[in-house]
Amino acid sequence: MNMPCLDPKHPKRHITHLHTPLGVRSVYDSVSFCTRCGSCQQACPLYRQTRQENFSPRGLNQLVRLFMEGKLTLAKHGADVKAQFAACLLCGQCTAQCAGRVPTAEHVLEMRRALGLRVLPGSLQRFLRLRETNPRRFAVWMYAGLWARRIGLLFLLRPVLPVWLRRLDEMLPSKLPLRHLDFLQQTTYTSRIGTIYMPSWETQWLCPQQGKAVLALLQKKHRVRIWENTATGLFSFLYGDVRESRKQLRKLIRRHRSAQCPVIVVDDIDEYQFLRNAPQLFEGFAGWKSWAENLARSTRFITDFIPLSSLKARRSEGPVRLLGGCYRGPAADVLEKSCKILTTLFKQNFVEYEDPLFGWPPVLAGLAGTSFAIRTEGEIVKNIARTQTKTVVVLSGLTALAVNATLARYYPAAKAVPIAQVVSR
Amino acid sequence: MRLPRACIAALEQIVGPDAVQTTEPALWVNAYDCSLSRTRPDVVVHLSDAQQVPAVVRVLNGYHIPFVVRASATNHAGSCAALRGGAILNISGLNRILQINTQQGFAVVEPGVITGQLQRELAPLGFFYAPDPASESVSTIGGNLAQNASGARCMKYGATLDHVLAADVVLPDGSYLPLSRKDNGPDWIGLFAGSEGTLGVFTRLTVRILPVPKHIHTFLATFPSLAACVQTVSDLTARGIVPRCAEAMDQPTTQAIEAFAHAGYPVSAAALLLLELDGTPMQIKKDTRLLEEICKQNNVLSFVTAKTPQARAALWRGRRSAYAAMARLAPNVMVGDGTVPRSRLPHALQRVRALLNDQHISASLLFHAGDGNFHPHVTFDERHRLSAQRMGKLVKQILQICVEEGGTISGEHGVGVEKRGSMALQYDTATLKTMAAVKQALDPQHLANPLKILPDHYAEKARPACALRPEVAALQAALLAAQEPLYITGNNSRLKTQSRAVLSTRSLNQIYEIDLTNYTATVGAGVLLCALQQALHKQGVYAALPAGNGTVGGAFASGCCPWFYSHVLGIEVLLADGSCIRYGGKFTKNAAGYPLTRLFAGSHGSFGVITELTFKLFATPCKLPQPRVYEEPQDGLLWQRLKNELDPTGRFKSLPEQKQ
């Protein structure tokens with residue numbers, strides 16, 4: 001039997017099988033596991049804002065299925081569905097609520113690929129793509145940008161800058177250290193292969209203090225080697241071409257193999273999930289799949305390096321909460337471990353799931369000025385203020401910057417801190 | 001169906017152009033709910049203000065366009081499928097909580113308010129809204145009322161319709177009706193509850209809220225047999241303890257859940273029971289002692305008590321993950337719903353399990369042990385036609401078992417389109433015809449959620465009518481022989497008519513059954529209240545009826561005892577054409593068809609002669625409010641329309657006419 005396909009003309013642009021929390025399934029099978037029970041609706045920030053079925057995760061899943069079954073066609077109806085598929089924030093809250101753990105965000109990505117949708121502004125898309133296609137040029141632009149910011153040039157040019165750059169500028173602290181200068185000086189290079197720390201781009205350039213905290217945690221027991229400015233292919237996977245993403249992953253796999261497959265530590269929950277799900281990009285590529293599986297097995301999140309026994313309870317000024325992120329894949333273990341860490345540290349002051357804070361939308365959607373993302377951010381900040389939370393713990397540096405920027409404006413009493421910094425404080 | 005452009009323009013003028021969708025994808029995503037039904041509408045209208053509803057309905061009525069009201073669309077019956085196309089009215093935007101009054105114990109909400117959201121708002125105030133359908137975190141209060149949904153707490157607190165005090169309704173012709181439980185006359189809100197949007201659209205609801213019980217204890221008990229498990233609940237009821245919840249499951253279900261959720265349930269027992277008691281600490285202590293004693297009498301295998309919220313949550317974790325345990329196995333989960341009298345539950349469950357085993361179908365079987373309602377969760381793949389057909393057949397067989405065991409085809413999920421065919425298994429032609437007449441009276445053009453609830457060509461498919469008792473047959477003959485409009489009287493204690501054109505129910509003075517297993521009584525409508533009380537007292541049971549000279553039928557039909565409406569489970573009525581209808585039975589939940597008990601409650605004999613009533617009994621005396629003073633009902637739109645449909649020849653004296 002021929003498996004229904006979204007885009008039969010361009011099968012290589014798509015993933016054939018998804019690694020869902022409940023096993024490997026074809027995209028059609030995966031989307032068919034939506035029983036239309038509607039449990040996802042109230043978790044979806046889009047549905048909560050629009051109250052329209054075609055913006056709900058259930059609606060998006062049904063649309064994907066209708067396209068796959070040929071009841072709707074890309075040529076005829078593609079234009080009518082672009083708005084809702086572009087609007088999805090990929091926050092994965094629906095999957096967390098779903099009994100069948102249907103990965104709606106993955107289906108949305110598949111549909112975006114079929115529709116050829118580009119959801120980010122062109123300049124932001126080109127700039128971030130550089131990190132994968134030409135890391136050196138990316139580094140040059142980052143240096144130039146940070147210097148321009150430091151000497152005030154960015155401030156002067158604000159009126160002509162694109163929206164995302166202005167937002168990014170607002171998001172960053174005024175005294176932002178240039179990367180390497182104080183961050184890499186503290187790293188220990190060893191000739192022996194140890195644990196590899198692969199800092200995310202924001203850790204390298206925008207929040208090096210997170211890198212310091214991670215290193216402090218890792219160096220207690222491990223020999224650490226840093227793979228700086230390494231692209232994983234996550235950006236292309238989310239916003240570009242899946243073939244480009246596969247290419248980046250191949251590079252990483254080769255490097256990982258040549259380094260005798262050590263443990264790789266990442267500090268960004270999105271990177272972690274992407275790497276843990278890397279084998280799904282190589283379904284049908286026999287050799288690469290097993291190497292990708294090896295890479296996935298070797299990938300760890302920083303919480304794996306925080307032994308609970310080493311933590312001592314400490315005082316906090318007020319309630320501490322964990323803010324969800326974009327959980328498309330295997331983040332449940334990280335969430336569970338994070339909760340345990342925070343419970344050990346803050347005892348009753350850590351409030352777990354009592355009043356759920358919904359996941360912060362992808363920071364890039366916020367940078368792009370998507371109204372849905374901005375309204376969702378507002379809703380979360382309102383929730384933080386209502387619960388008088390003092391510390392919001394997050395699982396990615398960029399999210400910490402975005403949350404802090406919004407908090408500074410609307411609820412300065414609270415502060416967002418990445419988990420590594422919370423622990424190493 | 002292609003909608004006239006003028007109609008679309010008129011709709012756009014009312015709700016705004018962005019709120020009217022006609023693109024193919026938008027229509028397809030509004031074509032389904034949680035069932036297998038999938039029918040594409042022709043337009044989707046998103047409503048954001050209750051005032052838009054009458055105007056939109058009037059426009060649709062003007063163009064004869066059918067419409068289906070839709071909110072979260074989480075029902076399992078296919079109630080939201082637009083079978084004749086037309087418009088989908090999305091009321092999810094009507095989601096404001098307008099008032100919470102803790103002093104008088106009510107909340108005023110719009111129908112699109114999520115039930116869980118209301119619970120969250122009430123919790124800090126120390127109050128709660130009693131109906132708790134499993135989907136409460138996503139389903140709406142309006143949807144719950146339209147399906148008359150209930151949940152685990154139903155045994156103690158009742159279904160949604162028992163908690164709605166007032167409702168504003170827009171009829172299918174656009175006329176607006178504020179209904180209240182304080183009104184004299186039939187229980188109109190009760191009639192609209194469970195009507196699945198086929199009679200009108202709710203635009204505002206006033207619901208009852210209750211103080212949160214300060215102490216709740218949860219118990220987990222395992223038994224060597226299903227019968228022992230159900231008997232425990234019956235024995236509890238017999239001792240005057242009504243548990244807050246009594247959830248149970250059989251062994252294969254416990255094993256399936258335990259394998260998935262690791263909730264710590266003992267898997268060796270044949271049946272597992274989760275019980276919850278609430279009240280004051282003293283009362284709980286006393287009840288717990290009794291419970292333990294009763295469990296021991298029924299050969300309990302293990303007994304665990306949870307007193308703290310954390311421990312309670314741990315016990316509930318397994319039960320709550322029952323759906324998830326099945327949803328991971330296959331693309332579709334059929335959540336069945338049938339109810340039988342509690343005494344028949346073990347036998348019905350054994351038959352259903354045998355049926356599943358015969359067909360080599362793995363399914364979990366959960367049940368509300370307190371009210372005889374069970375939910376088989378069966379996995380299948382709708383993409384395979386054979387699998388879907390097999391499932392359809394299986395559902396029908398399960399429902400057939402329910403009916404054979406004296407139960408109903410739906411306890412809380414409604415009928416919609418999925419169980420429409422099975423309505424003929426449960427009801428005879430006259431009863432289905434009466435339901436059709438109710439629909440015809442309020443929606444003569446069949447525009448509101450058409451083709452739902454009632455099966456096609458029901459006259460040929462319906463089950464044969466039961467033989468009439470001799471005294472009812474005599475009454476039927478007298479009714480048909482009458483030449484002029486008749487007053488229906490009981491003991492003439494309230495109406496006090498001097499007219500000679502009277503049909504008295506005094507001949508129906510037999511107590512047919514006092515069932516101490518199910519705690520129900522079935523009596524003739526002419527039984528005197530004092531005689532009934534004596535008979536019940538002998539058996540050590542009580543009914544929620546006052547003493548007095550009146551008859552049971554009179555207390556029910558005169559509108560003096562409105563609290564009694566929710567205790568009546570079954571009814572037999574002689575209609576104007578001499579036909580006899582039977583609705584309900586010895587089961588406490590019934591969401592199959594229009595709740596006819598509520599139509600005849602407080603109807604003052606205008607629509608038919610009540611000949612028999614089945615109602616709940618209690619082990620302890622009930623605290624009853626003061627009966628209302630008898631007064632003639634006020635004439636109203638609903639009254640007139642139903643009178644014209646159910647008694648077109650005017651065989652029964654209509655009190656409002658007499659007043660004129």
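So you know, we letter chains A, B, ... as the sequences are listed, proteins then strands, and number each from 1.
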Colleague: Only heavy atoms, only distances under 4.5 angstrom. Which residues in residues 78-86 of chain A are near chain B?
Modeller: A:D80, A:V81

Colleague: So which atom in A:G38 and which in B:V138 form the shortest heavy-atom distance, rounded to 0.1 Å?
Modeller: O-CG1, 3.2 Å

Colleague: Measure across A:R58 and B:A73 and return the closest heavy-atom pair with its distance rounded to 0.1 Å.
Modeller: NH1-O, 2.7 Å

Colleague: Under a 4.0 Å N-O cut-off, is there an ion pair linking A:R36 with B:E382?
Modeller: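 Salt bridge between A:R36 and B:E382, a charged N being under 4.0 Å from a carboxylate O: yes.
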
Colleague: Is there a donor-acceptor contact under 3.5 Å from the side chain of B:R328 to the main chain of A:L22?
Modeller: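 No; zero donor-acceptor contacts below 3.5 Å.
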
Colleague: When rounded to the nearest 0.5 angstrom, what is the spacing between CD in A:Q42 and OG in B:S92?
Modeller: 8.5 Å

Colleague: Answer with side chain, backbone, both or neither: which region of A:D29 has an atom nearer than 4.5 Å to a non-hydrogen atom of chain B?
Modeller: both

Colleague: In terms of heavy-atom proximity below 4.5 Å to chain B, should A:Y47 be classed as side chain, backbone, both, or neither?
Modeller: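 The side chain, not the backbone.
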
Colleague: Below 4.0 angstrom, N of the basic side chain to O of the carboxylate: do A:R51 and B:E110 qualify?
Modeller: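 No, this pair does not count.
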
Colleague: Flag the one option from B:G93, B:G116, B:A330, B:A19 with the top tally of heavy-atom pairs under 4.5 Å to chain A.
Modeller: B:A330

Colleague: Which region of B:T74, side chain (C-beta onward) or backbone (N, CA, C, O), has a non-hydrogen atom less than 4.5 Å from a non-hydrogen atom of chain A, or is it both or neither?
Modeller: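 Answer is both: backbone and side chain atoms of B:T74 are under 4.5 Å from chain A.
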
Colleague: Under 4.5 Å, heavy atom to heavy atom: which of residues 30-38 of chain B reach chain A? Give them by number, or say none.
Modeller: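 Against chain A, the residues of residues 30-38 of chain B that fall inside the cut-off (heavy atoms, under 4.5 Å) are B:N30, B:Y32, B:D33, B:C34, B:S35, B:L36, B:R38.
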
Colleague: Which heavy atom of B:A324 sits nearest a heavy atom of A:A99, and at what distance?
Modeller: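 Looking at all heavy atoms of both residues, the closest pair is CA-CB, 3.5 Å.
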
Colleague: Hey, what do you get for CH2 (B:W28) to CG (A:L72), rounding to the nearest 0.5 Å?
Modeller: 7.5 Å

Colleague: Tell me whether A:Q388 at atom CD has more than 12 heavy atoms from other residues, nucleotides or ligands lying less than 6.0 Å away.
Modeller: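 12 or below, so no.
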
Colleague: Say you draw a straight line from CD1 of B:I114 to CD of A:Q41; how long is it, rounded to the nearest 0.5 Å?
Modeller: 7.5 Å

Colleague: Indicate yes or no: does A:E69 engage B:R383 in a salt bridge with an N to O separation below 4.0 Å.
Modeller: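 No, no charged N to carboxylate O under 4.0 Å.
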
Colleague: At a heavy-atom separation under 4.5 Å, does A:R101 approach chain B through its side chain, its backbone, both, or neither?
Modeller: side chain

Colleague: Has A:R112 got more than 12 heavy atoms of other residues, nucleotides or ligands less than 6.0 Å from its CZ?
Modeller: yes

Colleague: What's the spacing between A:C34 SG and B:N332 CG if we round to 0.5 Å?
Modeller: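 That separation rounds to 9.5 Å.
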
Colleague: Under a plain distance cut-off of 3.5 Å, with no hydrogens placed, do B:Q21 and A:Q52 share a side-chain donor-acceptor pair?
Modeller: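 A pair is found: one side chain offers a donor N or O, the other an acceptor, under 3.5 Å apart.
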
Colleague: Supply the atom-to-atom distance B:E24 CD to A:L66 CG, rounded to the nearest 0.5 angstrom.
Modeller: 10.0 Å

Colleague: Could you check whether A:S39 and B:Y323, counting side-chain N and O atoms only, form a donor-acceptor pair closer than 3.5 Å?
Modeller: no

